[in-house]
Amino acid sequence: MAKKEGIKLIAQNRKAHHDYFLEEFYEAGIALSGTEVKSLRAGKCSIKEGYISIENGEALIYGMNISPYEHGNIFNKDPLRVRKLLLHKDEIRKLIGKVKEKGYTLIPTRVYFKGNYAKVEIALAKGKKLYDKRETIAKKDQRREAERDYKISKMY
């Protein structure tokens, strides 16, 4: 019997869409301690400065801040500690090949609960130059103005 899996969003890296061209997305589990899971359930997570590195055949996430659990005690872990990501070996090998290409990096885009499991959405990203960022902002402004004009013309 299939269990309905709801997705509860905890944290999102909105700056990633502004700073990078996001090409491929992967879903990975996170190796966490008990109090970290409780803190995530309370929504205390930030991935703005986070990035992913592959070392010794393991994917590790750096800069992911999970605030200490308020009701925790000596079992609380360091909020900025390095955490292991749970990916299949063939996915890790594929990512190693892509990251070795010039300009590619791995960044976390979302942290969420899928059913009872904490997951991270990883994006294979290529950095944007300043002129690319300006172009993206200009397109967004044009789209907003067009929607505004359409909304005004629809009223009359």
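Note that the structure is a prediction, hence the values are computed from the model and not measured.
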For the pair I52 and L85, evaluate side-chain contact (heavy atoms from CB on, under 4.5 Å) and give the outcome as yes or no after the intermediate values. CA-CA 9 Å; I52 294 143; L85 294 180; 3.9 Å; yes
Checking side-chain contact (heavy atoms from CB on, under 4.5 Å) for the pair I66/L40: CA distance, chi angles, key distance, verdict? CA-CA 7 Å; I66 299 178; L40 277 182; 4.1 Å; yes
Steps toward side-chain contact (heavy atoms from CB on, under 4.5 Å) verdict (V120, R110): CA-CA 6 Å; V120 176; R110 295 189 309 159; over 6 Å; no
Taking it one step at a time, do M64 and R83 satisfy side-chain contact (heavy atoms from CB on, under 4.5 Å)? CA-CA 8 Å; M64 179 178 176; R83 293 170 181 88; 4.1 Å; yes
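Between the K48 side chain and the R14 main chain, no donor and acceptor come within less than 3.5 Å of each other. The backbone N or O of K98 lies less than 3.5 Å from no partner atom in the side chain of E101, so there is not a single donor-acceptor pair. Using modelled atom types, no side-chain atom of N65 and backbone atom of L80 make a donor-acceptor pair closer than 3.5 Å.
With 3.5 Å as the limit, one finds a donor-acceptor pair spanning the side chains of Y112 and E27.
Between R144 and D141 a salt bridge is recorded (basic side-chain N to carboxylate O distance below 4.0 Å). For R81 and E36, the salt-bridge test passes: some basic side-chain N is under 4.0 Å from an acidic carboxylate O.
In this structure, I122 is not a member of the same hydrophobic cluster as Y20, with clusters built from ILVMFWY side-chain heavy atoms closer than 4.5 Å. A continuous path of hydrophobic side-chain contacts links I96 to Y26 [ILVMFWY only; heavy atoms under 4.5 Å].
The line from NZ of K44 to NZ of K38 is 15.0 Å long, rounded to the nearest 0.5 Å. With rounding to the nearest 0.5 angstrom, the NZ atom of K139 is 15.5 Å from the CZ atom of R134. For the atom pair E49 CD and Y51 OH, the distance stands at 11.5 Å (nearest 0.5 Å).
With K84 as the partner, the side chain to side chain contact (heavy atoms under 4.5 Å, CB included) test is satisfied by one option alone out of L60, L32, I61: L60.
Counted within 6.0 Å of OH on Y62, heavy atoms from surrounding residues, nucleotides or ligands total more than 12; the atom is thus considered enclosed.
Under the 4.5 Å side-chain criterion, counting only non-hydrogen atoms from C-beta, F113 is not in contact with K119. Side-chain contact between L87 and L95 is present, with heavy atoms from C-beta onward closer than 4.5 Å. Under the 4.5 Å side-chain criterion, counting only non-hydrogen atoms from C-beta, D90 is in contact with R93.
Both cation-pi conditions hold for K126 and Y104: the charged atom is under 6.0 angstrom from the six-membered ring centre and inside a 45 degree cone around its axis.
Among all heavy-atom pairs drawn from L9 and V111, the shortest one is CD1-O, 3.7 Å. When all heavy atoms of I47 and Q12 are compared, the pair lying nearest together is CD1-C, 4.3 Å. Pairing each heavy atom of A16 with each of T109, the nearest pair is CB-CG2, 4.4 Å. What you find for L22 and A123 is that their closest heavy atoms are CD2-CB, 3.8 Å. Between A11 and C45 the shortest heavy-atom distance is CB-O, 3.8 Å. Across all non-hydrogen atoms, the minimal contact from S67 to S39 is O-OG, 2.6 Å.
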